[in-house]
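Just so it is clear, the values below take in all heavy atoms, side chains as well, and ignore hydrogens, waters and symmetry mates. Throughout, residue positions are numbered sequentially from 1 according to the sequence presented. When a ligand or atom number is given, it counts from 1 through the structure's own listing order.
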Amino acid sequence: MLIDKFGRTIEYLRISVTDRCNFRCIYCENRGPFKKVPAGEILTYEEILEIVEVALELGVKRIRITGGEPLLRKDIEDLIKRLSSLEGLKDLSLTTNGYFLLEKAETLKRSGVRRLNVSLDTLSPTKFFHLTGGFNFQRVWQGLLKAEELGFSPIKINVVVIRGFNDEEILELAKLSLRYPWEIRFIEYMPVGKQSNWNEEKIVPLAEIKAQVESYLPLKPVTSFGGGPAKVFQWEGALGKIGFISPISEHFCSTCNRLRITAEGKLRACLFSDKEIDLREYLRDKKGSLKEAFSLALQIKPEVRNLKTTKRAMRTIGG
Ligand code: SAM
Ligand code: SF4
């Protein structure tokens, strides 16, 4: 079992399969030149599977595939298929910007993904274009509808709320839960990486987001589809739910059950800590067993996050 020195049991692993992304979201990275991880340093599917098999032996039950944009990685469906057939894995999910869902949703479903998180911060095509560095809103929206039609469940929509950008759309985005069985999750804007865009004034605290949503109709607390750090509510009569994630104003470190692996195999114990264990040294240079690497991660997992800006951009960590 993976239990850290503060008594938290780790059972959730988020794996970034690529640092590449077609989008250039303003909150995710600096829009300057992006230094790609050389292809030879990215973990192969065999290496990812080897890590996951050890993680499962150690008690991990849930895996999320993320990126960069995971659907950009060649043959991602093959990895997913192989992961979903592993004994002991209770839950396999994927976070995506949705851009390739229209063509890939069907094969993804067949390969074993059930739970999908799609990032969608605005319903305005113009704002979407600006936010993502020039991409088409309709294509993501059509992809989402396709995923819905194919029966992915639950579908969660990640909304990063940024003052002056989409805070006036909170209610409109929340209202998607009236028509669709989706969980609309509002996330506070986090200072990760050296993106030039972040500053404290741009954070919209959870209490303010929730007050806006409640001004429309009262919310009743419900359980989330699939657990996680979100506090989840529902409007009477709605098909979907509304979640709030507050890494800044009310952290949830005491219940943190996760580790992260970057595309080049750095095991991170906390989103906000740059202390990492290089799994490639264990896989390629035979520094020791992967079990030893996981137990080192438990030792570097901080009790509470430290919000100083991390060196890495979010897209190289995976969110
Ligand atoms: N490309 C995929 C996507 O956008 O869904 C997966 C990777 S992305 C890094 C994972 C999540 O991190 C997304 O939901 C994104 O909105 C979120 N994210 C990125 N930068 C963030 C920030 N500064 N604060 C809060 N969430 C952020
Ligand atoms: Fe790409 Fe996702 Fe980051 Fe946007 S949030 S730049 S889609 S990795």
*Give the numbers and elements of all ligand 2 atoms closer than 4.0 Å to a heavy atom of Arg315.*
3 (Fe), 8 (S)

*Taking the minimum heavy-atom distance to atom 4 (O) of ligand 1, which of Cys21, Ser16, Ser119 ranks first?*
Ser119

*So Phe244 and Phe186, would you call those rings parallel, tilted or perpendicular, with 30° and 60° as cut-offs?*
parallel

*Output the list of atoms in ligand 2 that are nearer than 4.0 Å to some heavy atom of Tyr27, sorted by atom number.*
5 (S)

*Side chains of Asn158 and Asp121: do they bring a donor and an acceptor to under 3.5 Å?*
no

_One residue to check: Asn117. Relative to ligand 1, which of side chain, backbone, both or neither has a non-hydrogen atom less than 4.0 Å away?_
neither

*Measure centre to centre between the rings of Phe23 and Tyr99, then say whether the value is under 6.0 Å.*
yes

*Using a strict 4.0 Å cut-off to heavy atoms of Glu188, name the atoms of ligand 1 that fall inside it.*
25 (C)

_Would Gly68 count as a polar contact of ligand 1, with the cut-off being nitrogen or oxygen pairs under 3.5 Å?_
yes

*Nearest heavy-atom neighbours spanning Ser16 and Ile317*: CB-O, 3.8 Å

*When only distance counts, is Ile187 in polar contact with ligand 1, meaning an N/O pair under 3.5 Å?*
no

*So is Lys301 actually on top of Phe6's ring, under 6.0 Å and inside 45° of the axis?*
no

*Please identify which atoms of ligand 1 are closer than 4.0 Å to at least one heavy atom of Thr96.*
2 (C), 3 (C), 5 (O)

_ligand 1 atoms in contact with Gly318 (distance to a heavy atom under 4.0 Å)_ = 9 (C), 10 (C)

*Close-contact set for ligand 1 against Gly67 heavy atoms, below 4.0 Å*: 7 (C), 9 (C)

_Least distance between heavy atoms, Asn117 atom then Arg185 atom_ = ND2-NH2, 3.4 Å

*Side chains of Thr95 and Arg64: is there a donor and an acceptor less than 3.5 Å apart?*
yes

*Examine the proximity of ligand 1 to Val160 and report which part, side chain or backbone, both or neither, has a heavy atom under 4.0 Å away.*
side chain

_Checking a contact table here: which protein heavy atom is nearest atom 1 (Fe) of ligand 2, and how many Å away?_
Cys21 SG, 2.3 Å

*Between Phe165 and Trp198, is the ring centre distance below 6.0 Å?*
no

*Only heavy atoms count here, so choose which of Met314, Lys156, Met190 is nearest to atom 21 (C) of ligand 1.*
Met314

*Please find out if atom 3 (Fe) of ligand 2 and some N, O or S atom of Cys28 are separated by less than 2.8 Å.*
yes

_Pair Tyr189, Asn197 - check side-chain hydrogen bond (donor to acceptor under 3.5 Å, both in side chains), show working._
CA-CA 11 Å; Tyr189 186 13; Asn197 187 55; 2.8 Å; yes

_Geometric N/O contact Asn158 with ligand 1, under 3.5 angstrom_ = yes

*May I ask you to identify, for Cys25, whether its side chain, its backbone, both or neither come under 4.0 Å of ligand 2 on a heavy-atom basis?*
both

_Is it the case that ligand 1 has an N or O less than 3.5 angstrom from some N or O of Tyr189?_
no

_contact_flag Val192 ligand 1 heavy-atom lt 4.0 Å_ = no

*Do Glu69 and ligand 1 have an N or O pair less than 3.5 Å apart?*
yes

_Exactly one of Pro247, Cys253, Ser249 should register a side-chain contact (heavy atoms from CB on, under 4.5 Å) with His251. Which one does?_
Cys253

*asked:* Geometry only, no angles: is Thr66 polar-contacting ligand 1 at N/O separations under 3.5 Å?
replied: no

_What I want to check is whether the side chains of Glu183 and Ser177 have a donor and an acceptor closer together than 3.5 Å._
no

*Determine whether Glu69 and Arg20 make a side-chain contact, defined as any pair of heavy atoms from C-beta on separated by less than 4.5 Å.*
no

*asked:* Pairing donors with acceptors under 3.5 angstrom, does anything connect the side chains of Thr262 and Glu264?
replied: yes

*Does the N or O separation between Asp121 and ligand 1 drop below 3.5 Å for any pair?*
no

